[in-house]
**Student:** 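Below is one structure. I have some questions about it.
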Amino acid sequence: MSVTEFFETFPENFPFFSVICGLLAAVICIFLRGKQAKNCTVACGVLVSFLNCGALIYMATSGKGYVVYRLGPENASFAAVNQLRFSQ
């Protein structure tokens with residue numbers, strides 16, 4: 001994969017980074033108190049907001065219909081409980 005291809009598909013991973021950011025903030029906030037924990041939570045919220053706005057702009061301008069994240073080896077035939085669809 002070239003550098004150009006990497007940066008063209010990098011925004012497709014923003015939903016993953018949003019989830020990881022929330023998980024890390026939760027673990028970090030356990031060890032913080034009061035205002036520090038609040039600031040960590042607010043920083044995580046701001047970062048996730050920017051990532052989601054970036055993903056929205058990417059999907060609006062890239063021309064891709066959707067991106068699917070598979071959470072398991074096979075599709076669930078009864079419902080899409082093991083997929084996250086990132087679409088326009």
Side-chain angles (χ1 to χ4, degrees):
M1 175 184 292
S2 69
V3 175
T4 305
E5 290 173 345
F6 172 78
F7 283 109
E8 286 176 357
T9 60
F10 182 67
E12 294 175 7
N13 296 311
F14 284 0
F16 169 75
F17 296 141
S18 296
V19 171
I20 294 299
C21 177
L23 290 172
L24 289 176
V27 171
I28 291 170
C29 284
I30 290 171
F31 301 106
L32 300 176
R33 298 197 185 266
K35 194 167 186 171
Q36 292 175 334
K38 180 182 175 183
N39 290 340
C40 179
T41 304
V42 169
C44 175
V46 169
L47 178 62
V48 167
S49 297
F50 280 122
L51 288 172
N52 288 330
C53 288
L56 180 65
I57 292 168
Y58 171 76
M59 289 306 293
T61 59
S62 70
K64 291 186 175 185
Y66 60 89
V67 177
V68 176
Y69 295 96
R70 299 183 76 196
L71 304 175
E74 297 179 16
N75 292 336
S77 58
F78 55 91
V81 294
N82 67 340
Q83 289 185 352
L84 297 173
R85 183 167 278 204
F86 176 45
S87 63
Q88 293 180 341

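Counting from 1, the numbers follow the sequence of the chain as shown.
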**Student:** According to side chain to side chain contact (heavy atoms under 4.5 Å, CB included), who are the partners of C44, at least two apart in sequence or on a separate chain?
**Tutor:** C21, A25, V48

**Student:** Not counting sequence neighbours, list each pair that qualifies as a ring-ring contact (aromatic ring centres under 6.0 Å, His included) and has a residue in residues 17-38.
**Tutor:** F10-F17

**Student:** Can you see which heavy atom on C29 is nearest to which on T41, and at what distance?
**Tutor:** SG-OG1, 3.5 Å

**Student:** Taking all heavy atoms of I28 and all of C40, pick out the closest pair and write down the distance.
**Tutor:** CG2-SG, 4.0 Å

**Student:** Quick one: name the residues clustered hydrophobically with V46, using the 4.5 Å side-chain heavy-atom rule over I, L, V, M, F, W, Y, and just say none if it's on its own.
**Tutor:** V42, F50

**Student:** Could you check L23, L47, N52 and say which one makes a side chain to side chain contact (heavy atoms under 4.5 Å, CB included) with S18?
**Tutor:** N52

